[in-house]
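This structure is a prediction, so every number in the text was calculated from the model and none was measured.
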Amino acid sequence: GDERLEKQIEFCREIDKEKFIKRQTYLTDGIHKENDAEHAWHMAIMAYLLKDYANEPVDIARVMIMCLIHDIVEIDAGDTYAYDAENLKTQKAREEAAKERIFSILPEEQKKELTALFDEFEDFQTPEAKFARAMDNLQPLILNNSNGGGDWKEHQVTAKQVHGRQDTTRLGSERLYEVTEEIIRENIEKG
C-alpha cells in the first residue's frame, strides 16, 4: 500500500474525535453546547466572509487552515475554557504533547506544515495569526450574544474578563473590535 496515503487517512480518521470535544459555548438555541469541530468550521467561514476587515492584507487560505486546526490538540488536551484560570496554567504543556502525537500521524512534511501553522497561530505575530485569533474571539462572542449570554452567566464571567479576552481582537481587526465592544456594551446593559 501507499504509506503516505495511509498516514493521511489515519489522520483524517483521528481528527474526527474533535467532534466529541464539547466547549462551554452554547449554540444559538441556548440549549446545546458546540463542539470543537463546529467552532473551527464556523471560524473558518467567518474568516473568509470578514476578510475585508483584517487590519492588514492576509492570505485567507492560511487563516482558514489555522482556524480549522487550532483546536485539534484538544482531542488529547481537552477544551480549556477561556476564563478558567486554573486550567490555563497547564494548557500549553498539555497542548504541546497533543500536537506532537496527533500531527506525527501525518507524513513528515505535512506534520511540519501543520505544526508550523499551529505554532504561528499560537505565537500571534503574523497578520494571519492575528486575524485568525480575532475569529477565535469573535465567534463565541457572537454565539453568547445570540443566546442571552448563556455561558457567561453559567460561569459568572465578568465584563472585565470578556474585555480582557476581546482586547486581542483589535490586533487582527479594528473594525471587528468595534463590533465586539458594541456587543459587550449591549450585554452589560441587559445585565
- Query: With side chains defined as the heavy atoms from C-beta onward, is the minimum distance between Phe20 and Ile75 less than 4.5 Å?
  - Reply: no

- Query: Any sub-3.5 Å donor-acceptor pair from His42's side-chain atoms to His39's backbone N or O?
  - Reply: no

- Nearest-0.5 Å distance, CE of residue Met66 to CD of residue Glu128: 6.0 Å

- Message: Determine whether Val179 and Tyr53 satisfy the following criterion, side-chain contact (heavy atoms from CB on, under 4.5 Å), listing intermediate values before the conclusion.
- Response: CA-CA 11 Å; Val179 172; Tyr53 303 105; over 6 Å; no

- Query: Any Lys/Arg nitrogen of Glu182 or Arg185 sitting under 4.0 Å from an Asp/Glu carboxylate oxygen of the other?
  - Reply: no

- Query: Which pairs count as salt bridge (charged side-chain N to carboxylate O under 4.0 Å, His left out) when at least one residue sits in residues 29-38, sequence neighbours excluded?
  - Reply: Arg23-Glu34, Lys33-Glu154

- Query: Looking at Ala40 and Cys67, what are the two nearest heavy atoms and their distance?
  - Reply: CB-O, 3.4 Å

- Exercise: identify the closest heavy-atom pair between Arg94 and Gly78: NH1-O, 4.2 Å

- Task: Would you check, one step at a time, whether the test side-chain contact (heavy atoms from CB on, under 4.5 Å) holds for Ile21 with Asn35?
- Result: CA-CA 5 Å; Ile21 307 302; Asn35 67 46; 5.7 Å; no

- Query: Considering only heavy atoms from C-beta outward, does the side chain of Ile183 approach that of Gln166 to under 4.5 Å?
  - Reply: no

- Contact list for residues 103-114, test salt bridge (charged side-chain N to carboxylate O under 4.0 Å, His left out), sequence neighbours left out: Arg4-Glu109, Glu100-Lys111

- Query: Do Asn137 and Thr169 have side-chain N/O donor and acceptor atoms under 3.5 Å apart?
  - Reply: yes

- What are the two closest heavy atoms between Ile69 and Leu114, and how far apart are they? CD1-O, 3.4 Å

- Judged by atom type as modelled, is there a donor-acceptor pair below 3.5 Å linking the side chain of Asn145 to the main-chain atoms of Leu141? no

- Are Ile45 and Ile60 grouped together when hydrophobic residues (ILVMFWY) are joined by side-chain heavy atoms under 4.5 angstrom apart? yes

- With a 4.5 Å limit on heavy-atom distance, are the side chains of Gln110 and Gln8 in contact? yes

- Task: Run the salt-bridge test on Asp136 and Arg133 with the 4.0 Å N-O cut-off and return the result as yes or no.
- Result: no

- Message: Less than 4.5 Å apart, side chain to side chain, heavy atoms only: is that true for Val58 and Val63?
- Response: yes

- Report the hydrophobic cluster partners of Leu171, with the cluster defined as I, L, V, M, F, W, Y residues connected by side-chain heavy atoms closer than 4.5 angstrom, directly or transitively. Phe124

- Between Arg101 and Glu14, is there a side-chain N and carboxylate O pair less than 4.0 Å apart? yes

- Test side-chain contact (heavy atoms from CB on, under 4.5 Å) applied to Glu95 and Glu74, step by step: CA-CA 7 Å; Glu95 290 186 353; Glu74 293 184 0; 4.0 Å; yes

- Query: In terms of the angle between their ring planes, are Phe118 and Phe103 parallel, tilted or perpendicular, with boundaries placed at 30° and 60°?
  - Reply: perpendicular

- If you link ILVMFWY side chains whenever their heavy atoms are less than 4.5 Å apart, which other residues fall into the same cluster as Ile31? By chain and number, please. none

- Item | Audit row: Tyr177, Asp167, side-chain hydrogen bond (donor to acceptor under 3.5 Å, both in side chains) steps and yes/no | CA-CA 8 Å; Tyr177 178 73; Asp167 280 347; 3.2 Å; yes

- Verdict with supporting geometry, Lys19 and Asp16, side-chain contact (heavy atoms from CB on, under 4.5 Å): CA-CA 6 Å; Lys19 297 172 189 171; Asp16 181 69; 2.7 Å; yes

- Kindly write out the residues that satisfy side chain to side chain contact (heavy atoms under 4.5 Å, CB included) with Lys22, not counting sequence neighbours, or none if the list is empty. none

- Message: As a quick check of understanding, evaluate side-chain hydrogen bond (donor to acceptor under 3.5 Å, both in side chains) for Asn55 and Ser173, giving each step before the final call.
- Response: CA-CA 5 Å; Asn55 288 343; Ser173 173; 4.7 Å; no

- Working to the nearest 0.5 Å, report the span between NZ of Lys130 and CD of Glu56. 6.0 Å

- Message: Check for me, please, whether Tyr48 and Leu50 land in the same ILVMFWY cluster - side-chain distances under 4.5 Å, paths through other members count.
- Response: yes

- State plainly whether the residues Lys7 and Glu3 are in salt-bridge range, i.e. N to O under 4.0 Å. yes

- Message: Using the rule that Ile, Leu, Val, Met, Phe, Trp and Tyr join whenever any side-chain heavy atoms are under 4.5 Å apart, tell me whether Met43 and Met64 fall into a single cluster.
- Response: yes

- Linked, directly or transitively: Leu117 and Trp41 (ILVMFWY side chains, under 4.5 Å): no

- Message: Can a donor-acceptor pair be found, under 3.5 Å and without considering hydrogens, that links the side chain of Asn147 to the backbone of Tyr26?
- Response: yes

- Any residue meeting side chain to side chain contact (heavy atoms under 4.5 Å, CB included) with Glu10, in chain and number order, not counting sequence neighbours: Arg13, Ile105

- Is the closest side-chain heavy-atom distance between Lys99 and Asp119 below 4.5 Å? yes

- For the hydrophobic clusters of this structure (ILVMFWY residues joined by side-chain heavy atoms under 4.5 Å, transitively), does one cluster hold both Val73 and Leu106? yes

- Quick one: pull up CG in Leu138 and CG in Leu143 and give me the separation to the nearest 0.5 Å. 9.5 Å

- Below 4.5 Å, heavy atoms only, C-beta onward: do Ile102 and Asp76 meet side chain to side chain? yes

